[in-house]
Amino acid sequence: MLSKQILMIDDESDIQTVARIGLTIVGGWQVLTANSGREGIAQAKSHVLDAILLDVMMPDMDGVATLKALKADISTQSIPIIFLTAKSRAINRKELYALGAQGVIHKPFDPTTLSSQISGFLGWD
């Protein structure tokens, strides 16, 4: 089975590190990271990705604006996007799903189950 390639867009390096450890060790996946929405969009355009993990709250370009930009571009619109959020009450899950999100994972997340959560949202075996 080929390894999945995941892009994690999050402005917190500690969150990136924890996710990378869980996804590479437990999931056996390759993980790319971006510190901002703009950087993430550029990476999504230049790599073949199986999914994107996207933080909701980021400076400059938040997760919703990033998702909208990714969905508006023909080269990135088919990449499944799962949101990561620490603000469960501030974010309306229905709104995120209506915008095209495939799932929502709350922070703090368990790095040992992160790959199975993503697989569940995306229907991967």
Side-chain angles (χ1 to χ4, degrees):
M1 183 172 142
L2 294 175
S3 175
K4 301 288 187 192
Q5 185 159 276
I6 308 297
L7 171 62
M8 176 156 199
I9 306 172
D10 196 306
D11 61 318
E12 296 180 50
S13 61
D14 291 346
I15 298 292
Q16 289 180 3
T17 300
V18 169
R20 180 190 302 272
I21 290 168
L23 295 175
T24 56
I25 292 173
V26 178
W29 299 345
Q30 297 176 353
V31 180
L32 303 171
T33 57
N35 297 316
S36 69
R38 294 187 203 296
E39 182 185 346
I41 291 166
Q43 288 216 32
K45 289 180 180 183
S46 63
H47 293 89
V48 176
L49 300 172
D50 294 293
I52 295 173
L53 291 179
L54 179 58
D55 186 18
V56 173
M57 305 294 285
M58 295 184 292
D60 300 323
M61 184 176 204
D62 69 9
V64 171
T66 303
L67 175 126
K68 287 178 180 178
L70 289 164
K71 292 299 181 187
D73 189 308
I74 195 157
S75 67
T76 58
Q77 65 186 201
S78 65
I79 303 169
I81 297 172
I82 296 173
F83 274 106
L84 293 171
T85 181
K87 306 280 186 184
S88 60
R89 291 210 165 106
I91 294 299
N92 182 342
R93 294 182 105 161
K94 288 182 183 179
E95 175 188 345
L96 297 178
Y97 285 115
L99 291 171
Q102 298 289 122
V104 178
I105 296 173
H106 293 282
K107 295 178 187 175
F109 54 83
D110 180 348
T112 64
T113 61
L114 185 58
S115 60
S116 65
Q117 284 181 286
I118 294 167
S119 294
F121 282 125
L122 301 179
W124 296 345
D125 293 326

Open item on the list: Is a donor from one side chain sitting under 3.5 angstrom from an acceptor on the other, for Asn35 and Gln16?
Closed with: yes

- [ ] With rounding to the nearest 0.5 Å, note down the distance linking CD1 in Ile6 to CG in Leu23.
- [x] 6.5 Å

TODO: Nearest 0.5 Å please: distance from the CG atom of Leu99 over to the NZ atom of Lys94.
DONE: 14.5 Å

- [ ] Give, for atom CG of Leu7 and atom CD1 of Ile41, the distance between the pair rounded to the nearest 0.5 Å.
- [x] 10.5 Å

TODO: For Ile21, check side chain to side chain contact (heavy atoms under 4.5 Å, CB included) against everything at least two apart and list the hits.
DONE: Thr17, Ile25

TODO: Go through the steps for Asp14 and Val18 under the test side chain to side chain contact (heavy atoms under 4.5 Å, CB included), then give the verdict.
DONE: CA-CA 6 Å; Asp14 291 346; Val18 169; 5.6 Å; no

Open item on the list: Show the nearest heavy-atom pair for residues Gly63 and Leu54, with the distance to one decimal.
Closed with: O-CD2, 3.3 Å

TODO: Give the intermediate values and the outcome of side chain to side chain contact (heavy atoms under 4.5 Å, CB included) for residues Val64 and Leu96.
DONE: CA-CA 8 Å; Val64 171; Leu96 297 178; 3.9 Å; yes

Open item on the list: Could you tell me if the side chain of Trp29 sits less than 4.5 Å from the side chain of Gln5, heavy atoms only?
Closed with: no

TODO: Check whether any side-chain heavy atom of Leu32 sits under 4.5 Å from a side-chain heavy atom of Met8, and report yes or no.
DONE: no

Open item on the list: Between Ser115 and Val26 (side chain of the first, backbone of the second, donor and acceptor by atom type, cut-off under 3.5 Å), is there such a pair?
Closed with: no

Task: Counterpart residues, side-chain hydrogen bond (donor to acceptor under 3.5 Å, both in side chains), relative to Gln43 (two or more places apart) - done: none

- [ ] Please report the shortest heavy-atom distance between Ala69 and Thr76, naming the atom on each side.
- [x] O-OG1, 4.5 Å

Task: Backbone N/O of Lys71 and side chain of Gln77: donor-acceptor pair under 3.5 Å - done: yes

TODO: Under the side chain to side chain contact (heavy atoms under 4.5 Å, CB included) rule, collect the residues that match up with Thr24, sequence neighbours excluded.
DONE: Arg20, Val31

- [ ] With sequence neighbours excluded, give me every salt bridge (charged side-chain N to carboxylate O under 4.0 Å, His left out) pair touching residues 31-57.
- [x] Lys45-Asp73, Asp55-Lys107

- [ ] Kindly compute the distance separating CG (Leu67) from CD1 (Ile82), expressed to the nearest 0.5 Å.
- [x] 12.0 Å

- [ ] Determine the minimum heavy-atom distance between Ala101 and Phe83, stating which atoms define it.
- [x] CB-CD1, 3.6 Å

Task: Close side-chain approach of Leu114 and Ile105, heavy atoms under 4.5 Å - done: yes

TODO: Verify side chain to side chain contact (heavy atoms under 4.5 Å, CB included) between Tyr97 and Val104, making sure each step is shown before the conclusion.
DONE: CA-CA 9 Å; Tyr97 285 115; Val104 178; 4.3 Å; yes

- [ ] Could you list the residues that satisfy side chain to side chain contact (heavy atoms under 4.5 Å, CB included) with Ala65, not counting sequence neighbours?
- [x] Met61, Asp62

Task: Closest non-hydrogen atom pair, Gly28 against Ser3 - done: O-OG, 2.9 Å

- [ ] Return the minimal non-hydrogen interatomic distance between Pro59 and Asp11, and the atom names on each side.
- [x] CD-OD2, 3.3 Å

Task: For Thr113, side chain to side chain contact (heavy atoms under 4.5 Å, CB included) partners two or more places apart - done: Asp110, Ser116, Gln117

Open item on the list: Could you measure the distance from the CD1 atom of Ile81 to the CD1 atom of Ile52? Nearest 0.5 Å is fine.
Closed with: 4.5 Å

Open item on the list: With rounding to the nearest 0.5 angstrom, report the CD1 to CG distance, Ile15 to Leu53.
Closed with: 11.5 Å

Task: Pro80 to Leu122 - nearest heavy-atom pair and separation - done: CB-CD2, 3.5 Å

